[in-house]
Each structure stands twice: as C-alpha cells, then as structure tokens.
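Data block below; observations after.
Values below: all heavy atoms of this structure, side chains included; hydrogens, waters and symmetry mates excluded. To find a chain, count down the sequence lines: A is the first, B the second, and so on, and within it residues start at 1.
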Amino acid sequence: MLSLSRIRENTDAVQKGVSLKGEDIDFSLLLNLDEQHRKLLTEINDLRAKRNRASEEIANVKRAGGDAVEAITAMREVGEQIKSLESEADDLQEKIKSTVEVIPNVPHESVPIGSSEKDNKVVREWGEKPEFDYTIKDHIEIGTSLRLFDFERSAKISGTGFPLFTGQGAKLERALINFMLDYHLDHHGYTEIFPPFLTRGSAPFTCGQLPKFAEDMYFTGKDELYLIPTAEVPVTNIHKDEILEEQDLPKYYTAYSACFRREAGSYGKETRGLLRVHQFNKVEMVKFVTPESSYEELELLVTHAEAILQTLGLHYRVIELCTGDLSFSAAKCYDLEVWSPAENTWLEVSSCSNFEDFQARRGNIRYRRSSNHKTDFVHTLNGSGVATPRLTVALLESYQTPDGKVIVPKALQPYVGTEVLG
RNA sequence: GGAGAGGUGGCAGAGCCUGGCUGAAUGCGCCGCACUCGAAAUGCGGUAUGGUCAUUGACCAUCGGGGGUUCGAAUCCCUCCCUCUCCGCCA
C-alpha cells in the first residue's frame, strides 16, 4: 500500500509510476477526498478538545460539590455535533481506503519502461541449449511412458490441472523439494519454515492478492480461509503487526509449500501437462530487510534462485521485467526462465521481487532503527527457489536419452536414489 | 461439538466491581547521565504509536474490532473477531 502522504506530496511521480504499470488512476478524486477528510478531522479535533476541557471542568466542579447542569447541557449538543462529523469522516476514510488499497506499487527508477512482456530485458543467459541428434520427446511423452505422472487419472480425481505423480515421478518431485530446501539452508543461510497452506484473508491482503485478485484464489466458503497461491503469503505474514529489531535484520526464510491457483481464464495449449496447473509445489525464499539494503538483497536473491538451476545444469536466462509486466505489489522483479527443448521456448520457473515497503505497510511489519530507536517499515522481498512443474519439464526434456530414459543430475541423485529414471 | 477464562505500551502485568488529572501503576528491556581504570551492581532521568494544525509547539485519537449509554468510557451495555484451558471426537 502506498502511503497517503507519498501520494499527496509526490502526486506526479506516483501518477507516472502507476501509469507505467498500465493503470489509469484519477488521483485528483482521491486527493480531493483526502483534503475533505483532513479538513473534517481538524474540525472534529477542535470540537473534541473543547469537549475534553469542559469535561475536566465538570469533573472539578462536581468534586467540589458544585452543580454543573448548564455545562452538561451545552456539551450534550457538542457531543451530537461531533458524532455527526465523525460519521461523515468515517465515510470518507472508507472511500479513501478502498481506493488506496487497489493502487499498485510504483516501479523502481531502475526498471525498464515498457508496456508488456515484449519489453522485458534479458539480463544474462547461463549454460547452453542442449543439442540432440535424434527426435526428442516432450515432457508429457517422457513422463507418461516412464509412468512419472498420470494426467488421465488425476482428472478423474480433481479435474484438469491437478498433477498426479506416480512412482519415480513422485519421488523426483519430493527429491526436488528436498534438494532445493537443503541447498538454501546449507549455502544461503535461510531458516526453514513449514507454513500453513490455508490462511485468513488478512494474509493475502498483506501480500497484495486481496482485495483486487480474489478471483485467482481458492477460497473455502464455510471457514473463510484462502488456499495459498505461494508460500510467500504465510511466510510474509509471520511478522505481521510486529516491530523487529534492526540487529535481527535481514531475516531469511525459505519454505516449501503446495501452491493453489485458480488460473481463471487461462485455457489452451499453455495448460498442457505441467506447463500451467492449479496445484504445484514450490520452494520459496522470503526476506525482511532494511530499506537501505533491499536492492542489494534483491540481486543476491536472484543469485540464490539461479544457484538451483546451475547446480542442476539447466540452461536458463534472467529477465528484468519492464514496468508494464510488473505485478501489483512489486517495485522491481527478475524472472528466471529455464529452457524447454521440446517446447522450444523459455519457461518461467522463478520470480524474484522487491516490494519495498508496499507489503510491510499492508501487513504493518516494522522494525526499530538502532541509530535513533524510531520505527519504520521493513522492505520485503521474495523469490521462488524454484517452482517444480516447469523445472521438471526442463529436467525431463534436457536430460532425456535416445532410449527414452532420463539421466538424473548428479546433485539430485542422492535425493532420487538413482542415476537414471526408467 | 460442549463448557469456561481472557485479549491493556517493545515485553510481562495492574487498573475494570465503585466511569472523571490513568495514555495508563509496577517490573523487565532499551537510551542518557553519575559512580568506575573499565565492566558489573547501584542511583538519577528518559523511553508507545498514529494523526491534524503549526515556527518552537499545541491538540486529537488509540487499552482486540465495531456500535451504544454518558457532559465524560480501558472501566458500564450490545455485537463481532481472536487466543487460551478443560471435556468429547479424531490423524
């Protein structure tokens, strides 16, 4: 959430920022409401001060055994006046709040300007496209013939988009999760978290999924709980309404979770196999840092996600998202895209973002500066480290052999317990 | 599912019955000063957050959320939310 004072004092910059994200917001309306609201507050403030003084006076008179009927009658009227102004102010406040909470974060100045995906910038590429001197199979063919997963049967259970992993496929899934968690714990200094997968509405509000993107989330009507679309949601809210100590920052958390996404409105080729699913597994990294360090931390975060792909020996590239492709809450974001030989395209497996104080404000996550003991909002970041479905696609396709088997990358072998699948 | 207890500042914890210098005792923590070669201990002082207006500053709000009673609510009433304990059921 953007602060009202920022909107008020830097209207042009904010206006420009959100328009670069493709949002056309009429700020004059909001500013008008805000001005009315503050005017009203001043008025109420003065009346309340008056009432407080009078009440004190009445207390004194009564204590002295006097009679204060006159003052009481006079104040009764003031009370009514205050009440009516207050309800007016509350209405305005409500309007302002509902407007502000759907305004997206402003992109960082370093973010390339652009309107869509096509304007994203390739920052770097790692490794090389695997070469094959035979006709390769795609991940669905490989997985089906090796019985790693079974989409027909999973459709019977849950419908399309809910993968059912079987045998070595199930073990591979578990191996990837464990490998990634261990890697971040052993090499990057994260603390492991195993979060709840259902949360209250306040948790996705913090992160920015609510109220604007409620349609994208699974919701259990009866208990009013949301299924998490990412571990970011529960993990970011670990410190909701807290004041952290500066010396305890940065805090690094990594968590596995199942992720649930309705993916409303996405049909067609992209939904084939594991490319876009309603439930998937992901290891997420979440950081709570000081404002001064957040951009440094973002660069570091990207390298943490990259380390997974490098260790698995997968060809990938790092994309810097342009302003128009940034998500609602992000100020800056890098995507990691892994190469799929059969799809002959890049697949997004990670998204690493700096939210600055946008989420921290929504979730009231603060820290106390050790220099002056004042509180300020932390900066939050998160990145996938990484999501398994497309990782599996790249893995199966890149490491397939002419006889239809799949070589397991060395780092993964202890986890899978075999050198070859099939 | 049934019964009960409770939500107060960075933390712990009074106050609520009996409404009025209580924005909130006390302790811990933290900061400053003194003592000390230094530290510990001790002593003294300070230490919530947000907002409105303004030059220092003034004022206002906030004791889980909302509503009500009242001149005045942490304190009384209603309502919602949350947490904990016991019993039952259950992986």
Side-chain angles (χ1 to χ4, degrees), chain A residues 1-9 30-98 100-101 194 196-206 210-211 219-226 234 237-249 251 258 288 290 357 360-378:
Chain A
M1 198 141 60
L2 299 177
S3 74
L4 267 176
S5 60
R6 180 174 173 189
I7 294 172
R8 200 154 55 216
E9 286 153 29
L30 174 61
L31 288 174
N32 190 17
L33 288 177
D34 176 51
E35 198 184 329
Q36 282 181 55
H37 185 235
R38 280 182 300 132
K39 206 168 147 193
L40 213 48
L41 285 185
T42 309
E43 216 172 314
I44 292 168
N45 203 334
D46 291 346
L47 282 175
R48 284 205 276 230
K50 183 175 169 187
R51 183 180 66 185
N52 287 350
R53 275 194 301 272
S55 290
E56 202 175 320
E57 198 53 37
I58 290 166
N60 286 335
V61 170
K62 285 210 164 180
R63 241 193 306 273
D67 178 61
V69 175
E70 208 171 300
I72 288 173
T73 320
M75 278 309 109
R76 193 169 293 161
E77 198 175 315
V78 173
E80 290 303 320
Q81 209 176 339
I82 290 172
K83 206 167 288 183
S84 107
L85 289 179
E86 274 175 343
S87 93
E88 215 177 307
D90 286 348
D91 288 350
L92 281 171
Q93 170 89 64
E94 191 48 49
K95 274 189 201 148
I96 291 167
K97 182 170 174 277
S98 62
V100 172
E101 67 190 16
F194 205 119
F197 294 175
L198 276 73
T199 69
R200 304 190 167 127
S202 61
F205 177 84
T206 298
L210 290 184
F219 177 62
T220 64
K222 202 160 190 167
D223 297 296
E224 303 201 326
L225 293 168
Y226 291 84
N237 281 279
I238 286 176
H239 295 299
K240 182 176 164 56
D241 293 323
E242 288 186 26
I243 300 175
L244 305 168
E245 294 299 331
E246 182 170 354
Q247 69 254 26
D248 295 334
L249 299 179
K251 281 182 179 290
F288 299 83
T290 60
D357 65 0
R361 284 181 184 279
R362 295 172 81 94
N364 190 30
I365 309 167
R366 294 172 295 171
Y367 78 106
R368 198 176 293 283
R369 289 187 182 275
S370 36
S371 57
N372 59 5
H373 292 271
K374 290 287 177 195
T375 58
D376 198 358
F377 291 101
V378 298

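- A distance of about 32 Å separates the P atoms of B/A25 and B/U79, rounded to the whole Å.
- Proximity of A/L4 to A/I96: side-chain heavy atoms (C-beta onward) are separated by under 4.5 Å at one or more points.
- Using a 4.0 Å cut-off between charged side-chain N and carboxylate O, A/D46 and A/K50 make no salt bridge.
- Nucleotide B/G88 has no partner under the Watson-Crick or G-U criteria, as no pair reaches both atom distances under 3.5 Å.
- With P as the reference atom, B/U49 and B/U36 are 35 Å apart, rounded to whole Å.
- When RNA chain B is scanned 5' to 3' for any atom under 4.0 Å from a heavy atom of chain A, the first and last hits are B/G10 to B/U83.
- Checked against side chain to side chain contact (heavy atoms under 4.5 Å, CB included), A/D376 has the following partners two or more places apart in sequence or in another chain: A/P291, A/Y367, A/R369.
- With both ends at atom C1', the span from B/G67 to B/C28 equals 37 Å, rounded to whole Å.
- The gap from the P atom of B/G6 to that of B/A14 amounts to 11 Å, rounded to the nearest Å.
- Comparing the C1' positions of B/U26 and B/G32 gives an interatomic distance of 22 Å, to the nearest angstrom.
- As rounded to the nearest Å, B/G46 and B/G9 have C1' atoms that lie 16 Å from one another.
- For the pair A/K95 and A/D91, the minimum side-chain heavy-atom distance is 4.5 Å or more.
- Closest approach of A/N237 and A/A203 over heavy atoms only: ND2-O, 2.9 Å.
- Nucleic acid contact for A/A71: none, since no nucleic acid atom lies under 4.0 Å from a heavy atom of the residue.
- Nearer the 5' end of RNA chain B, as judged by each residue's closest nucleotide, is the contact made by A/R366, out of A/R38 and A/R366.
- Two residues are said to be in side-chain contact when any heavy atoms from C-beta on lie closer than 4.5 Å; A/P211 and A/E101 meet this criterion.
- For the pair A/R200 and A/L225, the tightest heavy-atom approach, listed with the atom from each and the gap, is N-CD2, 3.9 Å.
- Residues satisfying the ring pair (Phe, Tyr, Trp, His ring centres under 6.0 Å) test with A/H239, not counting sequence neighbours, are A/Y253, A/F288.
- With a 3.5 Å ceiling on both atom-pair distances, the Watson-Crick or G-U wobble partner of B/U52 is B/A58.
- Of the residues in residues 80-88 of chain A, those with a non-hydrogen atom less than 4.0 angstrom from any atom of RNA chain B are A/K83.
- Applying a 4.0 Å cut-off to non-hydrogen atoms, the residues of residues 52-60 of chain A that approach RNA chain B are A/N52, A/S55, A/I58, A/A59, listed by residue number.
- Remark: B/U75 base-pairs with no nucleotide in the shown strands. Criterion, Watson-Crick or G-U wobble with two distances under 3.5 Å.
- For the atom pair NE2 (A/H37) and CD1 (A/I44), the distance works out to 7.0 Å, reported to the nearest 0.5 Å.
- Nucleotide B/A24 forms a pair with no other nucleotide shown, judged by Watson-Crick or G-U wobble geometry with both contacts under 3.5 Å.
- In this structure, A/R369 reaches neither bases nor backbone, as no heavy-atom distance under 4.0 Å exists between it and the strands shown.
- Take the nearest nucleotide of RNA chain B for A/K50 and for A/I243: the residue whose nucleotide is more 5' is A/I243.
- Shown here for A/G363 and A/K240, the closest heavy-atom pair between the two residues is O-CG, 3.2 Å.
- Between A/P204 and A/T199 the shortest side-chain heavy-atom distance falls below 4.5 Å.
- When both pairing distances are held under 3.5 Å, B/A14 makes no Watson-Crick or G-U pair with any nucleotide shown.
- Across B/G2 and B/A74, the matching P atoms stand 34 Å from one another, rounded to whole Å.
- Nucleotide B/G6: paired with B/C82 (Watson-Crick or G-U wobble, both distances less than 3.5 Å).
- Searching all strands for a Watson-Crick or G-U wobble partner of B/G32 with both distances below 3.5 Å returns B/C44.
- Here the side chains of A/T220 and A/Y226 are not in contact, with every heavy-atom distance at 4.5 Å or above.
- Pairing for B/U69 is absent, with no Watson-Crick or G-U wobble pair whose two atom distances lie under 3.5 Å.
- Rounded to the nearest Å, the gap between the C1' atom of B/U52 and that of B/C16 is 31 Å.
- Among pairs with a residue in residues 80-89 of chain A, those fulfilling side chain to side chain donor-acceptor pair (under 3.5 Å) read A/R48-A/E86, at least two apart in sequence or across chains.
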